[in-house]
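Given the structure is predicted, the values throughout are model-derived calculations rather than measurements. Below, chain A is the first sequence line, B the second, and so on; all start at residue 1. Computed from heavy atoms alone, side chains included, the values below leave out hydrogens, waters and symmetry copies.
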There are 2 protein chains.
Amino acid sequence: MISTKQPISIEQPESTSLVAFIRSTIPMPHEKAQDIAAQFQPRILKRHEYVLQEGNIGKEAFFLESGYLRAFVNDPDGNDVTINIFAPNSFVNNLVSFFRREPSEENIQAVTDCVVWAISYDALQTLFHGMPEFREFGRMMLIMNNLALKDRIVSMIRNTAEERYAALLQSKPDVFQHVPLKMIASFLGITDTSLSRIRRDFAQK
Amino acid sequence: MISTKQPISIEQPESTSLVAFIRSTIPMPHEKAQDIAAQFQPRILKRHEYVLQEGNIGKEAFFLESGYLRAFVNDPDGNDVTINIFAPNSFVNNLVSFFRREPSEENIQAVTDCVVWAISYDALQTLFHGMPEFREFGRMMLIMNNLALKDRIVSMIRNTAEERYAALLQSKPDVFQHVPLKMIASFLGITDTSLSRIRRDFAQK
DNA sequence: TAATCCACTTGTCATTTGGCAAGAAACTTC
DNA sequence: GAAGTTTCTTGCCAAATGACAAGTGGATTA
């Protein structure tokens, strides 16, 4: 029997990939992870749609279920610099802007149509205060991000552009099927021209 | 009269620069910051001394009061790659190893004699659990680190070596008086040879 | 279907950077 | 204080990368 005081139970969609992602980040009971995932709302992004524009403060954080996003900044010469490419099963956010509540210097935009799960800043704060596991999850996001950035810096210092290309090709081959090479080149720290030559030479080996 | 049950009150040294650092990171009453700072122990590091060696798990976190440290990794060719240079008034730590309790891939070593304030992992956990302000402080350390790493990546992608040199010279001129150019070159992502030429050309302008 | 736009490639040439080796100067160590 | 080590500089040349311009092909649109 349905209570008249409660809203009618709405079928709440749920992302199994988000639950799996949460549990792989911080081990916790399945139900706990489901409670967390239930705070996320599904959304479809069209290609070229922004989830964050520079100058704004991030209102939501996202889990990317399918599709590709990129983060980029505009440099003084009018070129844009791709600073990150997000593949499915990633947590997408400008953590600095989001947690410090300050205007973002970067943009985050859908490269392809995407399915994401969004959580508002307020809902996230509620989770932070009420659920220690989630606090850990947030901290782990920051730490993993840190690790990834540091690895990238080491790679920029000590590897050639070709080595960085080969590494990306191995770790995320799917990216090359969905993200324009121009953006990948920028992400790797080279021009699209150089990437094109690297690909040619690389294929001959 | 001195109690026989309590340890004799020992004069606890205190770092005013640490207190100032904490309060500039997270605004809080002076006394609160002093309570936090009181958990840190002063230590003198001799040049070349390690505070973290690869393969080990960080046991302590540090606030650097005076002197210079660097973080570096060894690459397969036997060269070392400087991934960070710490100047006075910095928080020094491999956050990833420290918070995840996993072996560090990087080394942290004194470049000059240093005065640091150390806090053990256990003391830090106690602070985390007992003092919400400190939880914020820890999170802010991660966020600021994130920001710095991202800025560096953008700089590696879009600036020339000479521009990166000029930026460092302006933001941290003191580093050039205390840290060997070889390490600075590695930090900037170039060889010491190239840095030497950049400095020569730069001086002529 | 024609026009347009965009992504990608290629050619040419200049610039930047690296690899290697040698030498000067400063610092360590015995 | 002599010998050895490290740091920094410089010369020479090769390799990597960028800037600019042109061209191809595919996708989109009118």
Next on the checklist: Does B:Asp113 form a salt bridge (charged side-chain N to carboxylate O under 4.0 Å, His left out) with B:Arg47? I'd like the steps, not just the answer.
Outcome noted: CA-CA 5 Å; B:Asp113 293 351; B:Arg47 194 153 89 102; 5.7 Å; no
Next on the checklist: Set out, in order, the CA-CA distance, both residues' side-chain angles and the distance that settles ring pair (Phe, Tyr, Trp, His ring centres under 6.0 Å) for B:Phe176 and B:Tyr165, then state yes or no.
Outcome noted: CA-CA 11 Å; B:Phe176 290 87; B:Tyr165 165 73; 5.5 Å; yes
Next on the checklist: Show, in sequence, the C-alpha distance, side-chain angles and deciding distance for B:Phe63 and B:Phe21, and conclude whether the ring pair (Phe, Tyr, Trp, His ring centres under 6.0 Å) test is met.
Outcome noted: CA-CA 9 Å; B:Phe63 172 74; B:Phe21 178 78; 5.2 Å; yes
Dump the pairs, protein N or O against N or O of nucleotides 3-8 of chain D, anything under 3.5 Å, distances to one decimal.
| unit_1 | atom_1 | unit_2 | atom_2 | d |
| --- | --- | --- | --- | --- |
| D:dT7 | OP2 | B:Lys182 | NZ | 3.1 |
| D:dC8 | OP1 | B:Leu181 | N | 3.1 |
| D:dC8 | OP2 | B:Leu181 | N | 2.8 |
| D:dC8 | OP2 | B:Lys182 | N | 3.2 |

Which atom pairs link the protein and nucleotides 22-30 of chain C when you take only N or O atoms and keep those under 3.5 Å?
| unit_1 | atom_1 | unit_2 | atom_2 | d |
| --- | --- | --- | --- | --- |
| C:dT28 | OP1 | B:Arg47 | NH2 | 3.2 |

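The number of heavy-atom neighbours closer than 6.0 Å to CD of A:Glu105, taken from other residues, nucleotides and ligands shown, is 12 or below. Applying the 6.0 Å contact sphere to CD of A:Gln125 captures more than 12 heavy atoms from other residues, nucleotides or ligands.
Protein atom CZ of B:Phe202 is 14 Å distant from nucleotide atom P of D:dT9, rounded to whole Å. Spacing between atom CZ of B:Phe176 and atom C1' of D:dT9 amounts to 16 Å, rounded to whole angstrom units. At whole-Å resolution of the value, CD1 in A:Ile184 and P in C:dC8 are 8 Å apart. The separation between B:Asn79 atom CG and C:dG18 atom C1' is 12 Å, rounded to whole Å. Rounded to whole Å, the distance from CE on A:Met156 to C1' on D:dA16 is 14 Å.
Nearest heavy-atom pair, A:Leu147 versus B:Arg100, reported as atom, atom and distance to 0.1 Å: CD2-NH1, 4.4 Å.
For the pair B:Tyr68 and B:Gln177, the minimum side-chain heavy-atom distance is 4.5 Å or more. B:Lys32 has its side chain out of reach of B:Arg23: every pair of non-hydrogen atoms, C-beta onward, lies at least 4.5 Å apart.
Rounding to the nearest 0.5 angstrom, the gap separating the OG1 atom in A:Thr82 from the CD atom in A:Gln109 is 9.5 Å.
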Checklist outcome for this item: With sugar-phosphate taken as primed atoms, P, OP1 and OP2 and all else as base, the protein-contact string of nucleotides 17-26 of chain D at under 4.0 Å (heavy atoms; B, S, -) is SBBB------
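Considering A:Glu65, A:Glu60, A:Glu49 in turn, A:Glu60 is the only one that fulfils the salt bridge (Lys or Arg N to Asp or Glu O under 4.0 Å) rule with A:Arg43.
Because its NZ or CZ atom is both nearer than 6.0 Å to the ring centre of A:Phe128 and within 45° of the ring axis, B:Arg139 counts as a cation-pi partner of that residue.
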